[in-house]
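These notes are about the structure you will find just below.
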Amino acid sequence: MIYYIKGQIVDVGTESVVLDNHGVGYEIYTTGRVLQDLVRQGLSETLLYTHLQIREDEWVLFGFPDRSDIRVFRQLLSVSGVGPKAALAIMNTLTVEELYYAIQSGDSKAIAKAQGVGPKTAQRVVVDLKGVLQPGSAELDMDGISGDTEGNVISETAEALTALGYSNMDALRAIRKVEGAESMTVEQLLSAALRKL
């Protein structure tokens, strides 16, 4: 209904920001991370892509500066038992990239670290969104995790790291930081990834 709101920043609170758009103040709830970024950047004006939650007694706006974030927020809301507060808590605890890695690797413990999100809900997020979550960023492309040679190297390296005690998410994140990972052997990639951990 409301795709985005662009306006002057009137107030930044602990849970929301107020934007003035043509004399109308819109209160938009977002993550603490987004609010901190707005304060740190010292912006006087910003644009937030929004999601309107219509309740029986009120309309509530949620917003993010990136379209990929609002898509992930909506995907989290599609999971049974995840409401706006839980979705914000998850996105405040994990970046979109970290959430994607956690879901792809089945690391529900990382998701359960979010305030108010229990182990069962975290597991539901993994089950419902694995293979579905589409952050919409080329940086998050992990299509090669299975199938081709590159995918096998990445997969085998991730398995080796988890055997050493690292979480699936940490293993995949470390591998992602290695430049030229696609052209390495498992041994080379494992050594390089360990240096990133």
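- Here the side chain of Asp66 pairs no donor or acceptor atom with the backbone of Asp69 at under 3.5 angstrom.
- In terms of hydrophobic clustering, with Ile, Leu, Val, Met, Phe, Trp and Tyr side chains grouped at heavy-atom distances under 4.5 Å, Val39 and Leu35 are assigned to a common cluster.
- For the pair Met184 and Val153, the tightest heavy-atom approach, listed with the atom from each and the gap, is O-CG1, 3.6 Å.
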*For Leu197 and Tyr166, what are the C-alpha separation, side-chain angles and deciding distance, and is it a side chain to side chain contact (heavy atoms under 4.5 Å, CB included)?*
CA-CA 9 Å; Leu197 288 163; Tyr166 296 99; 3.7 Å; yes
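- In summary, of the residues considered (Leu61, Ile70, Val17), a side chain to side chain contact (heavy atoms under 4.5 Å, CB included) with Leu48 occurs for Val17 alone.
- Taking CG of Leu172 as the start and CG of Leu161 as the end, the distance is 8.5 Å to the nearest 0.5 Å.
- Nearest approach of Pro84 to Arg55, heavy atoms of both residues: CG-NH2, 4.1 Å.
- Distance alone, capped at 3.5 Å, is enough to place a donor-acceptor pair between the Thr30 side chain and the Gly63 backbone.
- Here the side chains of Leu164 and Leu194 are in contact, with some heavy-atom distance below 4.5 Å.
- Other residues, nucleotides and ligands place more than 12 heavy atoms under 6.0 Å from the CD atom of Glu45.
- The one candidate from Tyr49, Tyr4, Phe73 that meets the ring pair (Phe, Tyr, Trp, His ring centres under 6.0 Å) condition with Phe64 is Phe73.
- Contact between Gly23 and Asp20 at its shortest, heavy atoms only, is N-OD1, 3.0 Å.
- For the pair Val125/Leu76, a side-chain contact is recorded, criterion being any heavy-atom separation below 4.5 Å from C-beta on.
- Scanning all heavy atoms of the two residues, the minimum distance from Val96 to Val72 falls at CG1-CG2, 3.8 Å.
- Using a 4.5 Å heavy-atom cutoff, the side chains of Lys196 and Arg176 are not in contact.
- Side-chain atoms of Leu47 and Pro65, non-hydrogen and from C-beta on, never get closer than 4.5 Å to each other.
- Counted within 6.0 Å of CD on Gln115, heavy atoms from surrounding residues, nucleotides or ligands total 12 or fewer; the atom is thus considered open.
- Once rounded to the nearest 0.5 Å, the distance linking CG of Leu129 with CZ of Arg124 reads 10.5 Å.
- Going from atom OG1 of Thr95 over to atom CG of Asn92 covers 11.5 Å, rounded to the nearest 0.5 Å.
- Residue Thr185 holds its OG1 atom at 9.5 Å from CG of Leu190, rounded to the nearest 0.5 Å.
- Val18 places none of its side-chain heavy atoms less than 4.5 Å from the side chain of Tyr26.
- Side chains of Ser191 and Arg195: a donor-acceptor N/O pair is present below 3.5 angstrom, by distance only.
- For the pair Leu99 and Ile103, the minimum side-chain heavy-atom distance is below 4.5 Å.
- With contacts defined as side-chain heavy-atom distances shorter than 4.5 Å, the pair His51/Leu77 qualifies.
- Rounded to the nearest 0.5 Å, atoms OG (Ser16) and CG (Asp11) are 7.5 Å apart.
- In this structure, the separation between NZ on Lys85 and OH on Tyr29 is 9.0 Å, given to the nearest 0.5 Å.
- Side-chain atoms of Thr50 come within 3.5 Å of backbone N or O of Ile2 as a donor-acceptor pair.
- Taking every heavy atom of both residues into account, Leu43 and Ile9 meet most closely at O-CD1, 3.4 Å.
- Scanning both residues, Leu189 and Ala181, for their nearest heavy atoms gives CD1-CB, 3.6 Å.
- For the pair Ser167/Lys109, no side-chain contact is recorded, criterion being any heavy-atom separation below 4.5 Å from C-beta on.
- Judged by distance alone, the side chain of Thr162 and the main-chain N or O of Ala158 form a donor-acceptor pair under 3.5 Å.
- Residue Val127 is not grouped with residue Val132 when hydrophobic side chains (ILVMFWY) are merged at heavy-atom distances under 4.5 angstrom, including chains of intermediate members.
- Put simply, the side chain of Asn21 gets close to the backbone of Lys6: a donor and an acceptor are under 3.5 Å apart.
- More than 12 heavy-atom neighbours from other residues, nucleotides or ligands sit within 6.0 angstrom of CD on Gln41.
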*asked:* Using the rule given for side chain to side chain contact (heavy atoms under 4.5 Å, CB included), can you reason through Ile111 versus Ile90, listing the C-alpha separation, both sets of side-chain angles and the distance that settles it, and then say yes or no?
replied: CA-CA 6 Å; Ile111 298 169; Ile90 291 169; 4.0 Å; yes
